[in-house]
Amino acid sequence: MRASRLISLVLLLQSRETMTAAELARELEVSERTVYRDVLALSAAGVPVYADRGRAGGYRLLGGYRTRLTGLTRDEAEALFLAGLPGPAGDMGLTDALAAAELKVLAALPPALRDAPARAGQRFHLDVPGWFREAGPPPWLSELAGAVWRDRVVELRYRRGDREVDRTVRPYGLVLKSGVWYLVGRVGAEARTYRVDRVTGVEVSTEGFDRDEGFDLARYWREQAGAFLRTMLRDQVTVRLGPTGLRQLRHLVDAPFVYEEAVAAAAGPDGQGRLVLRLPVESVQVAYHQLLTLGPEVEVLDPPELRELMAGAAERMGRLYADPGPADPGPPDQR
């Protein structure tokens, strides 16, 4: 355990140049006193760790010291190559860069771990596009990816409905969601999202922009995705479900928060273990088709039009299964 921590300490100093004892203690999840002991142990082993005094001081490695020791375990090496699955990188025009990086990492691995990329590739394959979608990347994806990497302003032509619009965008990032690429950028002070397959033209400017370092792409996407789903759920229905229906409902709703918030807001179960839930839905018709899959495990209480639709479906189904149906004529005459 200590050997692994010492390796981590050296690698941290290699990557960040200077770190205080407090910063190292937070990263390594140990006390500052343990950091002091580890630094002494590294110095005794010949690693040139130097302590700068003063307010801007800290520990650093002398003379650009670098170690070729990675300390990677087999699981870590395989996870590293798994993270480099080629689909999305290839879409962005980074196939050659990814292959070169993997080759360099492979060369640095000890012989016992050099089968890591083959093991990962034999066991996992990422097929990003959804069914019935074109497998190729959108036409302007690689240009947008280049602008994102270099922080270059882009002039974007974008198809909106039956017309095209022009926007000057500072591209902050790209998001791949369910096989669809999205560009996140700023237009003026406002953050906006564009589907890359609706981009009809891109001109990358020589003008750069200063990135807002406080912008968190992952957090922005989570917030926007949640807000988008909520705007779609414009209607509301009230249903009563038993334990079986409640379990099935969890897998039926489009967003987890719909189920979780409805259950949290519900009163306790009745004497038969049933709960009354108020569910946000996209429309009465969409709710009808979704709730119909629960069959007798759900009772619609409101709105009346949805209750009538469910009752009508139940009546038709009852007649269908109550009638004996046509007699079986048997196999055709083989004479």
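As the structure is a prediction and not an experimental result, all values here were calculated from the model. Only this structure's heavy atoms are used, side chains among them; waters, hydrogens and symmetry mates stay out. Index from 1, following the sequence.
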ask   = Taking C-beta and beyond as the side chain, do L144 and P171 meet within less than 4.5 Å on heavy atoms?
value = no

ask   = For atom CD of Q236, is the number of surrounding heavy atoms from other residues, nucleotides or ligands below 6.0 Å larger than 12?
value = yes

query = Would E164 and R159 pass as an ion pair if we require N to O under 4.0 Å?
reply = no

ask   = Side chain of Y158, backbone of R195: donor and acceptor closer than 3.5 Å?
value = yes

ask   = Between L61 and V49, does a side-chain contact (heavy atoms from CB on, under 4.5 Å) hold up when you go through it step by step?
value = CA-CA 5 Å; L61 296 172; V49 183; 3.9 Å; yes

query = Is R157 reaching over with its side chain to a backbone N or O of T200, donor-acceptor style, under 3.5 angstrom?
reply = no

ask   = Are the side chains of L13 and M19 in touch, meaning some heavy atoms are under 4.5 Å apart?
value = yes

request  = Please indicate whether D210 has more than 12 foreign heavy atoms, meaning atoms of other residues, nucleotides or ligands, lying under 6.0 Å from its CG.
outcome  = no

message = Tell me whether V237 shares a hydrophobic cluster with V263, the cluster being built from Ile, Leu, Val, Met, Phe, Trp, Tyr side chains joined at under 4.5 Å.
response = yes

ask   = Which atoms form the tightest heavy-atom contact between D235 and S283, and what is the distance?
value = OD2-CA, 3.4 Å

ask   = Applying the 4.5 Å side-chain criterion to the ILVMFWY set and letting contacts propagate, would V286 and L301 be lumped into a single cluster?
value = no

message = Taking the cut-offs as 6.0 angstrom to the six-membered ring centre and 45 degrees off its axis, would you call R167 and Y194 a cation-pi pair?
response = no

Spatial distance of atom CZ (R198) from atom CG (L183) [nearest 0.5 Å] = 13.5 Å

inquiry  = Can you confirm whether L291 sits close enough to L306 that some side-chain heavy atom of one is under 4.5 Å from a side-chain heavy atom of the other?
reply    = yes

task = Applying side-chain contact (heavy atoms from CB on, under 4.5 Å), run through R150 and V204 and close with a yes or a no.
result = CA-CA 10 Å; R150 298 192 299 272; V204 180; 4.2 Å; yes

request  = Could you state whether L6 and V30 fall into the same hydrophobic cluster, counting links through intermediate Ile, Leu, Val, Met, Phe, Trp or Tyr residues with side-chain heavy atoms under 4.5 angstrom apart?
outcome  = yes

request  = Please assess L156 against V187 for the test side-chain contact (heavy atoms from CB on, under 4.5 Å), listing each intermediate value before the final yes or no.
outcome  = CA-CA 11 Å; L156 200 71; V187 177; over 6 Å; no

note = Residues A287 and V281: closest non-hydrogen pair is CB-CG1, 3.9 Å

key: Ring-ring centroid check F215 Y220, cutoff 6.0 Å   = yes

query = Side-chain contact, heavy-atom cut-off 4.5 Å: V284 with L309?
reply = yes

query = E143 and V154: side-chain contact (heavy atoms from CB on, under 4.5 Å), yes or no, with the steps?
reply = CA-CA 9 Å; E143 287 82 359; V154 296; over 6 Å; no

ask   = Can any side-chain N or O of R152 pair as donor or acceptor with the backbone N or O of T206 at less than 3.5 Å?
value = yes

Point-to-point distance, once rounded to the nearest 0.5 Å, from CD of Q248 to CG of L294 = 5.5 Å

query = Below 4.0 angstrom, N of the basic side chain to O of the carboxylate: do R186 and E190 qualify?
reply = no

inquiry  = With clusters defined by side-chain heavy atoms of hydrophobic residues (ILVMFWY) lying less than 4.5 Å apart, directly or transitively, does V180 cluster with V175?
reply    = yes

query = Honestly curious: do W140 and V165 fall in one hydrophobic cluster under the side-chain, below-4.5 Å linking rule?
reply = yes

inquiry  = Under a 3.5 Å threshold, yes or no: a donor from one side chain and an acceptor from the other, between T238 and R278?
reply    = yes

query = Can you find a pair of side-chain heavy atoms, one from W221 and one from K177, that are under 4.5 Å apart?
reply = yes

Closest contact, heavy atoms only, V148 versus G173 = CG1-CA, 4.0 Å

query = Nearest 0.5 Å, what's the CZ-CG distance between R307 and D302?
reply = 9.5 Å

ask   = Does V184 reach the side chain of L174, with side-chain heavy atoms less than 4.5 Å apart?
value = no

Any donor-acceptor N/O pair, S43 side chain to V39 backbone, under 3.5 Å = yes

query = What is the distance from atom CG of L241 to atom CZ of R274, rounded to the nearest 0.5 Å?
reply = 10.0 Å

ask   = Are side-chain heavy atoms of Y36 and Y59 found at a separation under 4.5 Å?
value = yes

note = What one should report as the nearest heavy-atom pair of V196 and P138 is CG1-CB, 3.6 Å

ask   = Between D38 and R5, is the closest basic N to carboxylate O distance under 4.0 Å?
value = yes

key: R250, CZ atom: more than 12 neighbouring heavy atoms under 6.0 Å   = no

key: Heavy-atom pair with the smallest gap, counting every atom of S8 and L28   = CB-CD2, 3.7 Å

inquiry  = If I take atom CD from residue E297 and atom CG from residue L252, how far apart are they, to the nearest 0.5 angstrom?
reply    = 12.5 Å

task = Would you indicate whether the side-chain heavy atoms of L9 and L12 approach each other to under 4.5 Å?
result = no

task = Would you confirm whether E23, through its side chain, and T20, through its main-chain N or O, come within 3.5 Å as a donor-acceptor pair?
result = yes

query = Atom OG of S31 and atom CZ of R37: how far apart are they, to the nearest 0.5 Å?
reply = 6.0 Å

note = Closest non-hydrogen contact found for L275 with A267 is CD2-O, 3.0 Å

